[in-house]
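A quick write-up on the structure given underneath.
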Protein chains: 2
Amino acid sequence: MTHHAEIALSDPLLIAPINAAKELFWRQGYDETSIEDVVCATGMNRYALYNAFGGKLELFLAVMESYFIERKNLFMTALSDPQGGPMAAIREVSEYCITEMTDRGAGCLMCDVAAEVGRYDKAVSERVLSYLEEIRSADEMALAQADERGELNPAISPKEGAALLIANMLGVGAMARNGAGRKELLTLFNTCLRLLGRPTGAQSHLRKRRNPKTTAVKQI
Amino acid sequence: MTHHAEIALSDPLLIAPINAAKELFWRQGYDETSIEDVVCATGMNRYALYNAFGGKLELFLAVMESYFIERKNLFMTALSDPQGGPMAAIREVSEYCITEMTDRGAGCLMCDVAAEVGRYDKAVSERVLSYLEEIRSADEMALAQADERGELNPAISPKEGAALLIANMLGVGAMARNGAGRKELLTLFNTCLRLLGRPTGAQSHLRKRRNPKTTAVKQI
DNA sequence: TCTGACTTAGAATGCCTATTCTGGATTTGC
DNA sequence: GCAAATCCAGAATAGGCATTCTAAGTCAGA
């Protein structure tokens with residue numbers, strides 16, 4: 001009596017258990033999360049749990065799928081038709097993700113936890129890459145809009161910029177996992193975003209302060 | 001009869017076993033690497049292994065320390081007095097790291113594997129953060145030199161740029177762990193490096209191709 | 001060559017965890 | 001209210017793994 005992730009996801013009664021399990025896997029990783037933990041956190045009976053999902057791996061697959069869909073929706077709705085402009089939308093959605101990470105002291109569920117599982121199961125690691133590509137292409141869409149509005153740094157293409165954003169968020173996740181603070185991570189993300197944007201003359205005053213020897217001349 | 005990581009590191013006979021174990025932990029992670037694996041890979045007797053290190057955790061600590069020192073040396077020697085200029089040195093050392101990662105389908109031993117162990121042991125996660133800071137400050141040093149030579153993007157400080165580089169490399173590691181290819185990762189890193197450098201007029205031709213409507217005017 | 005310390009290979013131990021089983025409780029359909 | 005199906009809690013089961021033990025083998029020094 002094996003059940004598939006899709007079936008589990010479509011059952012409204014399983015939404016709460018899946019979310020509880022997601023929280024555990026996200027915070028603790030796959031190996032470090034025991035079925036006992038899941039039983040306690042969901043309040044679900046062990047027997048019922050095995051009946052509903054089939055086993056630990058299948059449960060994780062359902063969690064992963066749920067995360068995938070949720071995250072895809074988040075990015076798609078935020079970036080496909082951004083009200084306050086594409087760059088603002090990217091900032092908003094990314095800062096939301098950073099908050100999620102620092103709240104949990106964890107990175108991306110797909111990229112970090114699923115990668116752990118991907119060692120056994122090639123299908124999982126392929127799913128992770130497809131997730132990354134999905135998010136990247138949403139970012140690329142937004143950056144293409146930014147480009148049309150002249151808000152993208154001319155030195156890069158929307159595609160390159162999107163890849164950079166993804167890598168930066170993954171890096172932020174790695175740092176969150178190791179205990180870096182929210183403020184530090186936001187600063188880091190802002191640096192990335194600043195470089196992605198079209199350079200403005202106003203920014204050069206930073207340089208003046210930093211290296212007066214060569215740029216002490218007033219620039220007003 | 002407990003031995004400490006420092007003692008193990010100073011014994012030349014243990015260098016080879018430590019390197020073999022490092023390879024295993026790096027590729028497979030901490031939990032996924034059994035002592036049996038280590039026994040096979042090092043050719044060392046189980047008893048001798050326990051005598052030399054004390055246990056699995058202590059072995060990993062020795063591995064971690066070895067990686068730390070090795071990596072610190074790599075960055076320090078490459079970046080403290082770079083012959084071909086600071087930006088070239090950063091590129092060189094980073095590309096070396098990317099090769100190490102793609103060779104193993106893994107990220108950074110400290111940031112990824114040690115983070116796994118850091119869940120049990122606070123001292124380990126603090127060590128990871130101190131490692132990150134060490135590398136970041138080496139990058140910052142190089143970027144400060146670049147700044148003095150007018151090679152740094154005026155929109156950012158050496159400190160910000162160094163943090164961005166670290167995050168980018170961590171992101172690259174996360175992607176390598178999930179099976180991304182070397183070429184893709186090099187492209188990604190190059191984008192990052194391009195943005196860190198001082199923008200040149202020549203780059204704007206990229207933009208012309210992408211968005212002819214607004215920049216079709218010849219710019220030579 | 002002999003002795004005593006050290007090393008080895010592999011078996012035993014003990015713990016932890018996923019999964020299954022079981023006998024009793026609870027719900028459901030009528 | 002009742003029979004049948006379903007669900008529950010916790011006890012077995014089974015396998016994996018770190019760590020320790022053991023009994024035989026090896027080596028160094030005289």
Side-chain angles (χ1 to χ4, degrees), chain A residues 1-5 7-8 11-18 20-64 113-114 116-121 123-124, chain B residues 1-5 7-8 11-18 20-64 113-114 116-121 123-124:
Chain A
M1 207 188 284
T2 57
H3 294 247
H4 294 288
I7 297 175
D11 183 342
L13 282 179
L14 294 180
I15 292 178
I18 285 180
K22 188 189 318 188
E23 208 56 38
L24 286 174
F25 283 131
W26 202 345
R27 287 175 192 267
Q28 311 179 354
Y30 183 78
D31 276 341
E32 286 309 303
T33 301
S34 73
I35 287 291
E36 198 57 36
D37 291 342
V38 177
V39 167
C40 290
T42 58
M44 214 173 158
N45 179 271
R46 200 192 326 270
Y47 178 92
L49 204 94
Y50 274 89
N51 250 1
F53 296 101
K56 189 181 179 182
L57 181 61
E58 287 79 10
L59 170 61
F60 180 75
L61 294 181
V63 163
M64 204 174 82
V113 182
E116 199 184 332
V117 180
R119 290 207 187 96
Y120 322 107
D121 192 335
V124 168
Chain B
M1 209 187 286
T2 57
H3 294 247
H4 295 289
I7 296 174
D11 183 341
L13 282 179
L14 294 180
I15 292 178
I18 285 180
K22 187 188 317 186
E23 208 56 38
L24 286 173
F25 284 131
W26 202 346
R27 287 176 191 267
Q28 311 178 352
Y30 183 78
D31 276 341
E32 287 309 304
T33 300
S34 72
I35 286 290
E36 197 56 36
D37 291 341
V38 177
V39 167
C40 290
T42 58
M44 214 174 159
N45 179 271
R46 202 192 325 271
Y47 181 93
L49 204 93
Y50 275 88
N51 251 1
F53 297 100
K56 188 181 179 183
L57 181 61
E58 287 78 11
L59 170 61
F60 180 74
L61 294 181
V63 163
M64 203 174 82
V113 182
E116 199 184 332
V117 181
R119 290 206 185 97
Y120 322 107
D121 192 335
V124 168

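Residue numbers start from 1 in every chain, and the chains themselves are labelled A, B, ... in the order their sequence lines are given, proteins ahead of strands.
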Note to self: Between A:Gly55 and B:Gly43, which residue's closest nucleotide on DNA chain C lies nearer the 5′ terminus?
What the structure shows: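 It is B:Gly43 whose nearest nucleotide is closer to the 5' end.
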
Item checked: 5' precedence on DNA chain C between A:Thr33 and B:Met44 (nearest-nucleotide basis) ->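 The residue closer to the strand's 5' end, by nearest nucleotide, is B:Met44.
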
Note to self: Does a side-chain N or O of B:Asn45 approach OP1 or OP2 of C:dT7 to a distance below 4.0 Å, or not?
What the structure shows: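 The answer is no; no side-chain N or O of B:Asn45 sits under 4.0 Å from OP1 or OP2.
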
Next item on the list: Would you indicate, yes or no, if C:dT19 has its OP1 or OP2 atom less than 4.0 angstrom from a side-chain nitrogen or oxygen of A:Tyr50?
Entry: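 Yes, A:Tyr50 has a side-chain N/O under 4.0 Å of OP1/OP2 on C:dT19.
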
Nucleotide [N], atom [atom2] - distance to [atom1] of [X] in whole Å:
X        : N      : atom1 : atom2 : value
A:Leu49  : D:dG10 : CG    : P     : 16 Å
B:Tyr47  : D:dG25 : OH    : C1'   : 14 Å
A:Glu32  : C:dA18 : CD    : C1'   : 15 Å
B:Glu36  : C:dA11 : CD    : C1'   : 12 Å
B:Tyr120 : C:dC16 : OH    : C1'   : 12 Å
A:Leu59  : C:dA18 : CG    : P     : 11 Å
B:Arg46  : C:dT13 : CZ    : P     : 16 Å
A:Lys56  : D:dG16 : NZ    : C1'   : 13 Å

Item checked: Heavy-atom closest pair, residues A:Val113 and A:Tyr30 ->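 That would be CG1-N, 3.7 Å.
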
Check: Taking all non-hydrogen atoms of both residues, which atom of A:Ala41 and which atom of A:Ala20 are closest, and how far apart?
Finding: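 Between these two residues, the closest heavy atoms are O-CB, 4.2 Å.
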
Notebook entry, point to check: Checking B:Arg119 side chain against A:Gln28 main chain: does a donor-acceptor pair fall under 3.5 Å?
Noted result: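 Here the side-chain-to-backbone pair exists.
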
Next item on the list: Measure from NZ or CZ of B:Lys56 to the centre of the six-membered ring of B:Phe25, then state whether that distance is under 6.0 Å and the direction lies within 45° of the axis.
Entry: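 Pair B:Lys56/B:Phe25 does not count as cation-pi.
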
Next item on the list: Output the single nucleotide from C:dT17, D:dC8, D:dA18 whose closest atom is nearest the side chain of A:Ala48.
Entry: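 Within the option list, the nearest is D:dC8.
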
